[in-house]
Structure formats: structure tokens, C-alpha cells
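As C-alpha cells, the structure follows; a few thoughts come after it.
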Amino acid sequence: MDQLPELVPFLLEPKSEIKLLALQHLLGVSDNQEARDILKPTQIINNCIRLITDSNHVVVRHALTILINLCQDTDMLNEIVKKNIVPRLVDGTTDTKNKMSEIFAMLLSNVTHTKEGCLSLMQCGKELEAFFIMKLVQVLTMDSNQEDYLKSTKNNWIVNIILNVTQIQEGRKIVLDRENQIFKEILPLIRHENVIKRRGILGIIRNCCYSEQHHDYLISPEIDILTKLCIPIRGNDKLDDDDMVGLHIDLHNSSLPIGNERDQDRECRKMVVESLIFLTGTKKGRVSMRTAKIYPILRNLFNFETEEELRDNVEKVVELIIRDEEGDPTPEEIEQMNKRQKLEDEDAQFETDEI
């Protein structure tokens, strides 16, 4: 193990055979923390980054995989982020002819596990602001006119990258920008057959619903987020005629596809309800929920759920939308609103969700 640093210079060896032998050995130990600690003082990060543009595809694959493994160490991840690697990773991810685009995307997902990585991707306040994220969205949605668009398992990592960036204010602002149309373009993926994509899209929606300053846009007819969120939890329950008065046509009994089922994934349903909870944070959100007549959908979801946590969260939404809006908020509500505003203004501690 102590001899590992001696292998690092061989990564720049002109002869591919020698370079590959060094890569293979380092790859085998790069997921070991003891090995990473020994390699920290070396040039392994710089050398591997140089190799991701190598003409030998095996060399590129090994170099990328080593970098992905090194990202498990916080110090090395931060060092990778500082190397201005994002543009190269975006190019590799969005090159439709690149057979290793998924590995490039995987490393980019790791890089955006840090706020600095997200900011580098978003290019906030710079000439290329939103350029990289829009390139990623273009690849994600390029087959939207194809019949298998909502079945394909391609580009799952791109969804995870967008999920990461929506955890910071700057990311949510760009994703929810009306001119960029990013949010609107990825929204149909909420119906995707692949649970990984559905979790990712619902995570993005939940993060965006947290931003109260964007509730007007989310609730607007252009997005109609309430209807979109109700679709995964609608199920095949037959609603009475009275229940359907005022309810969006897409949620009526006659609009449901044959065999329609409520999303079977607990995490997806959980994120739908969490999104609705965030939307109740503004009066306009609560009023819109009443106007949209989504109570029957929530009632049936409550009866469907068996876990106490999920039932409690559904009940929270129901309580907030059926209460009288007259009068001032309670002291507890004022305290909660102040806490939320502080988080919105100062940015919450950056964490990432895996899909």
C-alpha cells in the first residue's frame, strides 16, 4: 500500500500499456479509504483529469472510475471540484455519440454533491449562466416525441444532477426561470415508468415547492403543479359526481387509463405529499388547493396509506386546506414562517438526496 504513490507518475506515461497497468492497479484500491489517504498528497487527481480526454477509451473509463471512487473522500471531492472539471464533464455527458456518457454523468453527479460544484455547473451571474444545465436538459428530453420516452432508462444520472442543483437557491432560481423552460420541459417525466426517474423528478419538484417565492409560477395554469402532483396519487378509486365538481378533468374517472394505479413506490408518494406541504406554506397555495378541489384525492390517499408517518403528512395537508383563512396566524405559525424565511434567505445546509 505504501508503494501506491510511486504508481501515480506512470499515469502520464506515453506508452498505453504502462499507463493501463498503473490505472488498473490504482483502480483496484481507489475505493479503499486507507489507499485514498496515502494518495492524497500525490498528483492522482490532476493526472486522472488529464486522462479523461485520452484517445484510449479504456484509459478514459479507468480514469473516470478512479475519480468517482475518490469522490467518496470529502477532501478529494472538494479538490476535484476546484479543478474546473465541470465543462469537460458536461461535454462528455451530452455527447450523444460518447459511449461513456453515463460515466461522465455519474462523476458530474458526484461533483454536484457540493454547493461549489452546483454553482460551477449553473455559472450563476456569468456569461454562460444556465448554459450547461440547459445542455443537460436538452439531452434528457431530446426523445420526448418518441413512444418509449416514458420507458427509457437512459440519462438517469442527469435527473440526479438536476435534483442536486435544486437544493440551492441559485439552482432553483435557474430551473424555475420562465425563459429557460427547464422545469416545464422535465415535468412530464413525473409519469415515467422507471422509478429512479420518477423519484428524481419528484425530488426536483419537492425542492422547487420549498421556494415560496416561486409558488405563483408553480400554481399558474402554465405549470399547474397541483394537477401534476395529484396524478401519481390518484389511483383508480371511483369518485362520486360531487367529488369531481371543480376537479381537473385529468383526474376525473373517465380520464383515467385502464388499470390506472396509485404510484406503488413509497418514496414517490412521500415526496408528492411533502411537495403539497410546502405549497401550503403560502395563502395562495392553500387557496389554490381548495379551488382545485383536491380533497377527495387526499382523502383516498389517506385511506390507502398504512404507515403512520405518511398518513400524518396527508392529514397535515388536509388540515391546512380546510381551515378558515380568517384571522391572524398563530404564534406557532409565525415562528415556523420566520424559520422558513431564514432558510430561504440564508440557504439551508447543503445536503443531497440519492435517487
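Worth knowing before you read on, the calculation uses all heavy atoms, side chains too, and leaves out hydrogens, waters and symmetry mates.
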With the threshold set at 4.0 Å, does a side-chain nitrogen-carboxylate oxygen contact exist between [X] and [Y]?
X: Arg198; Y: Asp265; value: no
X: Arg311; Y: Glu307; value: no
X: Asp91; Y: Lys135; value: yes
X: Lys40; Y: Asp73; value: yes
X: Lys154; Y: Asp143; value: yes
X: Lys270; Y: Glu274; value: yes
X: Glu309; Y: Arg266; value: yes

Counting only pairs under 3.5 Å, give me each side-chain donor-acceptor contact of residues 116-127, with atom names and distances, residues two or more places apart or in other chains.
unit_1	atom_1	unit_2	atom_2	d
Gln123	NE2	Ser120	O	2.7

Asn313 side chain to Val273 main-chain N or O, any donor-acceptor pair under 3.5 Å?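 Absent.
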Cut-off 3.5 Å, side chains only: do [X] and [Y] have a donor facing an acceptor?
X: Gln169; Y: Arg172; answer: no
X: Lys151; Y: Asn194; answer: no
X: Ser211; Y: His214; answer: yes
X: Ser109; Y: Asn160; answer: yes

Measure across Thr53 and Arg50 and return the closest heavy-atom pair with its distance rounded to 0.1 Å.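 Answer, listing the atom of Thr53 first, then Arg50: OG1-O, 3.1 Å.
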Distance-minimising heavy-atom pair for Lys19 and Pro14: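 Taking Lys19 first and Pro14 second, the nearest heavy atoms are NZ-O, 4.5 Å.
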Report the residue from Ile174, Val175, Asn180 that forms a side-chain contact (heavy atoms from CB on, under 4.5 Å) with Asp177.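 With Asp177 as partner, Ile174, Val175, Asn180 yield a single side-chain contact (heavy atoms from CB on, under 4.5 Å), made by Asn180.
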Run through Thr166, Val165, Asn164, Leu202 and flag the one making a side-chain contact (heavy atoms from CB on, under 4.5 Å) with Asn207.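 With Asn207 as partner, side-chain contact (heavy atoms from CB on, under 4.5 Å) holds for just one option, Thr166.
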Running the 4.5 Å side-chain criterion over Ile, Leu, Val, Met, Phe, Trp and Tyr, what cluster does Phe10 land in, apart from itself?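 Under the 4.5 Å side-chain rule, Phe10 groups with Ile18.
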Atom CD of Glu308 with >12 non-hydrogen neighbours under 6.0 angstrom: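 Counting other residues, nucleotides and ligands, CD of Glu308 stays at 12 neighbours or fewer.
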Do Arg178's NZ or CZ and the ring of Tyr217 fall within the cation-pi criteria of under 6.0 Å and 45°?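 Here Arg178 fails the 6.0 Å and 45° test against Tyr217.
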In chain order, what residues pass the salt bridge (Lys or Arg N to Asp or Glu O under 4.0 Å) check against Glu102, with sequence neighbours excluded?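 Result, salt bridge (Lys or Arg N to Asp or Glu O under 4.0 Å) vs Glu102: none returned.
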